[in-house]
*Asks:* 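What follows is a structure written as structure tokens; I'll ask about it next.
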Amino acid sequence: PNPDLRWEKVGMANLGLDFAFRNNRVKGTVEYFRKHSRDLLSPAPVDPTSGFNSVNVNSAHLNGHGVDLQLQTVNTTGAIAWTTRWLFSYNKNKVSRYLRDRSNAGAYISSGMSVHPVEGAPVYALYSYRWAGLDSLGNPQGLKEGKPSRDYNGIRTSGLEGLVLHGSAVPITYGAIRNTLTWKGVSLSANITYHLGYFFRRSTISYSNLFARWDSHSDFARRWQQPGDEFKTTVPSMVYPANSRRDDFYASSEATVERGDHIRLQDIRLSYDTGSVGGKNRPFQNLQLYLYLSNLGILWQASPSGIDPQYGSSLPPQKSLSLGITAHF
């Protein structure tokens, strides 16, 4: 056992405000917070004569801050009632202290959803190899010592300065806006969600996988095929036998990273509330019929590839339609 281990420390300050005006036609809640996490368990270097290169101790620090807002407005009243509900969240964090020595560049390459701490960077940071384009034969090039290079192993084992930090791999800003229209028992609502301020890595062709098990990709049609294509595409030429380090470098370069910002139409709900059904001996106190459509698709996205950034190479949920009855006895 390590007698120097202790509980991690978390300090959080919140400032919140509930507000309402115009006879509650506008109301909501806004909250600002700051969060400081200290003495987090993390590997730290120790005297190598102890027999260990590192040991888990209370050494890392994280800082974060953000804003949460809930706002509800009654836009119109009367025969047609229109209400809007807006949810907004902003959450940003960074590693402020991490004692373990930095590893080689390849150790920080991932989808960004695993934690590879670097002081001053987001917790879920997305890194890529610097991209220097294709050469005249369609080979991908990175930068080594500031010059274009095809030494893929040398680029992978170089320092962190050979990488590009795009930013957070998880949305910094996110939320939803739901508008509801009501008229004589008929209610129609639409929910629009948004995720902003983040990046994702799209999948691409791997010639090693293509030759080994016929695992192809649509980028194959965009590959370099003749001199001059290096000015029109970033997809490397097909070479045989395949070079796995060449494939891995391109797949992990900044050429395959795109902004994940997008706005989607999440769902639409149409309902009819019949009110009291029947007379004195009515079977129900209330009866409601509804139609619900969900996973309706993206309205706007920053990515030019058209890939759904929330699901990447996985299939997004299919559009669905539900019909239902809600009865209160």
Side-chain angles (χ1 to χ4, degrees), residues 1-19 28-71 86-128 159-176 193-201 257 259-261 309-310 312:
N2 185 349
D4 295 327
L5 293 180
R6 59 186 181 277
W7 291 106
E8 299 173 338
K9 301 174 183 176
V10 177
M12 191 163 182
N14 295 74
L15 179 64
L17 175 67
D18 295 328
F19 58 90
T29 301
V30 60
E31 181 180 356
Y32 173 77
F33 67 89
R34 297 189 67 89
K35 185 176 182 180
H36 301 281
S37 302
R38 295 289 181 267
D39 298 335
L40 303 180
L41 289 175
S42 174
V46 295
D47 184 350
T49 61
S50 65
F52 299 92
N53 292 323
S54 65
V55 64
N56 284 334
V57 296
N58 299 84
S59 59
H61 296 174
L62 298 179
N63 291 334
H65 66 279
V67 175
D68 291 319
L69 173 66
Q70 297 185 38
L71 180 65
W86 181 34
L87 304 177
F88 171 87
S89 291
Y90 171 83
N91 188 346
K92 191 172 184 180
N93 58 55
K94 70 175 182 178
V95 179
S96 57
R97 186 179 187 229
Y98 185 69
L99 299 181
R100 191 172 187 178
D101 294 336
R102 291 183 176 182
S103 185
N104 59 55
Y108 295 91
I109 298 296
S110 69
S111 65
M113 299 311 294
S114 53
V115 179
H116 300 283
V118 175
E119 287 188 7
V123 176
Y124 293 99
L126 183 59
Y127 290 93
S128 296
L160 202 60
E161 65 278 358
L163 298 180
V164 175
L165 171 59
H166 299 279
S168 175
V170 297
I172 294 176
T173 302
Y174 53 92
T193 62
Y194 56 92
H195 296 79
L196 309 172
Y198 75 112
F199 297 82
F200 76 102
R201 188 185 308 283
V257 172
R259 291 198 67 92
D261 303 37
Q310 275 194 293

*Asks:* What are the two closest non-hydrogen atoms of Pro309 and Gly260, and how far apart are they?
*Replies:*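 Reported closest heavy-atom pair: CG-O, 3.3 Å.
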*Asks:* Side chains of His65 and Tyr32, heavy atoms from C-beta outward: is any pair under 4.5 Å?
*Replies:*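 His65 vs Tyr32: side chains touch.
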*Asks:* Indicate yes or no: at least one non-hydrogen side-chain atom of Tyr198 is less than 4.5 angstrom from one of Ile172.
*Replies:*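 Heavy-atom side-chain distance check fails, nothing below 4.5 Å.
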*Asks:* Hey, mind stepping through Leu71 and Phe19 against side chain to side chain contact (heavy atoms under 4.5 Å, CB included) and telling me if it holds?
*Replies:* CA-CA 9 Å; Leu71 180 65; Phe19 58 90; 3.8 Å; yes
*Asks:* Name all residues meeting the side-chain contact (heavy atoms from CB on, under 4.5 Å) criterion together with Leu87; count only those two or more places apart in sequence or in a different chain, and write none if there are none.
*Replies:*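 Applying side-chain contact (heavy atoms from CB on, under 4.5 Å) to Leu87 gives Gln70, Arg85.
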*Asks:* Holding to side-chain hydrogen bond (donor to acceptor under 3.5 Å, both in side chains), I want the full list of residues that pass it with Glu31, two or more places apart in sequence or in another chain.
*Replies:*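 Glu31 satisfies side-chain hydrogen bond (donor to acceptor under 3.5 Å, both in side chains) with Asn14 once adjacent residues are dropped.
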*Asks:* Just distance, no hydrogens or angles: give the donor-acceptor pairs under 3.5 Å from side chains in residues 115-126, sequence neighbours left out.
*Replies:*
residue, atom, partner, partner atom, Å
His116, ND1, Ala107, O, 3.4
His116, NE2, Ser114, OG, 3.2
Glu119, OE2, Tyr98, N, 2.9

*Asks:* Applying side-chain hydrogen bond (donor to acceptor under 3.5 Å, both in side chains) between Asn63 and each of Lys92, Arg38, Lys35, report the one that passes.
*Replies:*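 Among the candidates, only Arg38 passes.
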*Asks:* With sequence neighbours left out, what residues match Leu40 under side-chain contact (heavy atoms from CB on, under 4.5 Å)?
*Replies:*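 Residues passing side-chain contact (heavy atoms from CB on, under 4.5 Å) with Leu40: Glu8, Ser37, Ala60, Leu62.
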*Asks:* How many angstroms lie between OH in Tyr108 and CG in Leu165, if you round to the nearest 0.5 Å?
*Replies:*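 So the OH of Tyr108 and the CG of Leu165 are separated by 12.0 Å.
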*Asks:* Among residues at least two apart in sequence or on other chains, which ones pass ring pair (Phe, Tyr, Trp, His ring centres under 6.0 Å) with Phe88?
*Replies:*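 Scan of Phe88 (ring pair (Phe, Tyr, Trp, His ring centres under 6.0 Å), adjacent residues dropped) gives Trp86.
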*Asks:* Determine, stepwise, if the pair Ser42 / Arg100 fulfils side chain to side chain donor-acceptor pair (under 3.5 Å).
*Replies:* CA-CA 8 Å; Ser42 174; Arg100 191 172 187 178; over 6 Å; no
*Asks:* Listing request: all ring-ring contact (aromatic ring centres under 6.0 Å, His included) pairs with a residue in residues 42-64, at least two apart in sequence or in separate chains.
*Replies:*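 Non-adjacent pairs meeting ring-ring contact (aromatic ring centres under 6.0 Å, His included): zero.
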*Asks:* Could you measure the distance from the CD1 atom of Ile109 to the CG atom of Leu163? Nearest 0.5 Å is fine.
*Replies:*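 The CG atom of Leu163 is 5.0 Å from CD1 of Ile109, to the nearest 0.5 Å.
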*Asks:* Short question: side chain of Asn58, backbone of Arg6 - any donor-acceptor pair under 3.5 Å?
*Replies:*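 Side chain of Asn58 to backbone of Arg6, a donor-acceptor pair under 3.5 Å: yes, one is there.
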*Asks:* OH/Tyr127 to CZ/Phe199 distance, rounded to the nearest 0.5 angstrom?
*Replies:*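 Interatomic distance, Tyr127 OH to Phe199 CZ, rounded to 0.5 Å: 13.0 Å.
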*Asks:* State whether the side chain of Arg97 and the backbone N or O of Asp39 hold a donor-acceptor pair below 3.5 Å, judged by distance alone.
*Replies:*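 No.
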*Asks:* Got a second to check how far Leu196's CG is from Asp261's CG, nearest 0.5 Å?
*Replies:*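 Leu196 atom CG to Asp261 atom CG measures 5.0 Å (nearest 0.5 Å).
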*Asks:* Any donor-acceptor pair under 3.5 Å linking the side chain of Tyr174 with the backbone of Asn91?
*Replies:*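 Looks like no, no N/O pair under 3.5 Å.
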*Asks:* Write down the atom of Val46, the atom of Val55, and the distance for their closest heavy-atom approach.
*Replies:*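 Shortest heavy-atom separation between Val46 and Val55 comes out as CG1-CG1, 3.2 Å.
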